[in-house]
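Single-structure report; data block below.
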Amino acid sequence: MRNLRLFVALAFITGRLAAQTPAPTVVKAGRLLDPRTGNVLAPAAVLIENGKIKEVGSPSRVERDAPTGVKTIDLGKATLLPGLIDSHTHLLLNVTVPSEAEIARYGAFVPGLLLAVAAKSPAERVLLGAQMAREDLESGFTTVLNLGHSGIDGDAALRDAINAGRVPGPRILAAARKLTPPGGYFQALNPAVAELILHEDFLEVASPEQARRAVDEDLFYNVDLIKVALDDDGIGITTPVMSAIVEEAHHARKKVAAHAQSKNAIQTAIDAGADSIEHGNDVTEVQLKLMREKGMFFDLTPTFYGGFLPEIFNSSIVMSPAFRAEYAGGAERRRERYDALVERIRKAGVKFAAGSDMCWSYPGKTRGQASATRFPVLHTAGMPSLDVLRAITANAAEMLGWQDRVGAIEPGKFADLVAVEGDPIADITELERVRFVMKDGQVVRNDLAPH
Ligand SMILES: [Zn+2]
């Protein structure tokens, strides 16, 4: 069965490449910044053939080596960067902030999640995902990790549709359903009906046997990696269960992304040999050291940093003065904790990437624009601009095991490029104003004046 699916997928991809291989192209720009080294090539040119980068160098050299009849795109003074990688997102979920009374009872996230799962069909969600995917790509995200909330296999289906050229979007690494401990996420739910809707987004695991079966169920949908939520609300995933998940996933050559916020959950993920810790808020110094020694990635998710919640609350709901004051206080506490976390990660020398964890409706912004606001805040939290760029390019590529394909502008890699008008090192908010996007050698958008 799986071989048949693979065959069908390959047939689509081959058919598409034969039909629309883009012409060789030279992209010229005032500057090209390599996030790995911080080196700037100025001026710069990139030769692209068959959707891949063939040569990078000075415009005179690249144009000399280019085949006759090559198409040239001149981006003027702009700065070229590798296509951006959002290493933690949720394309099939767009949570609208609930009312103040509901937030008090269920939190801001669960009501929207429940509505998505219980009121929308999987088909409706995957079409929502198609919109979010296009919006992410338009903002410069050429690769994303979709870590759960996928309406069974919606993210895998969306990935295949994008790869086949049927809908525009980034390269997606899909995790399909999240593995959770019993009671995770939906513990506030009436247990008489919870079972019926839970399984659209989650696979519950309480024993090593269930863990292996859950991994196999996700593998059926050709997932790219396994996502485990170790400690969301419920009783938590034990080390034997987590070890079974990691063993089964690694046996199939899939990485395991571990959502873990508490010290205990982080320890379980480390002991079991997960590949990345998502969020990781309460990580200890000893754990950071262990992660560095094991080569584990810390995937930062600065979703609620920089006044994000007050901003979407303000534009979404009516709030009482007391509620408003409480959230303002929470924002300040979050800021202090986040600044400290960023500094500790840098000092520990642990490998890191960053993801928006975007699943929120942000009035007035597309999904891509909302996600792009989540990376400059890392700089506000004390991370140097170059490290922010590394987190969402080369580092993320290494975390997902795609360092040979994406994350840098060099020969042999996919021609995934973005450009900003200014210097992102001097002003990292340039990431919120991506003006040029190319994926697979094809221009997605170009708002830079023609030169
Ligand atoms: Zn998430």
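Order of listing sets the numbers, starting from 1, for every ligand and every atom in it.
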Arg367 versus Asn94, side-chain donor and acceptor atoms under 3.5 Å: yes
His279 ring center near Phe298 ring center (under 6.0 Å): no
Residue list, ring-ring contact (aromatic ring centres under 6.0 Å, His included) with Tyr305, at least two apart or on another chain: Tyr338
Phe297/Phe352 aromatic ring centres below 6.0 Å: no
Sum of protein N, O or S atoms, each under 2.8 Å from the Zn ion (ligand 1): 3
Of all pairs that satisfy side chain to side chain donor-acceptor pair (under 3.5 Å), the ones with a partner from residues 393-403, not counting sequence neighbours: Lys351-Glu398
Pairing residues for His199 by the side chain to side chain contact (heavy atoms under 4.5 Å, CB included) criterion, not counting sequence neighbours: Arg177, Glu195, Glu204
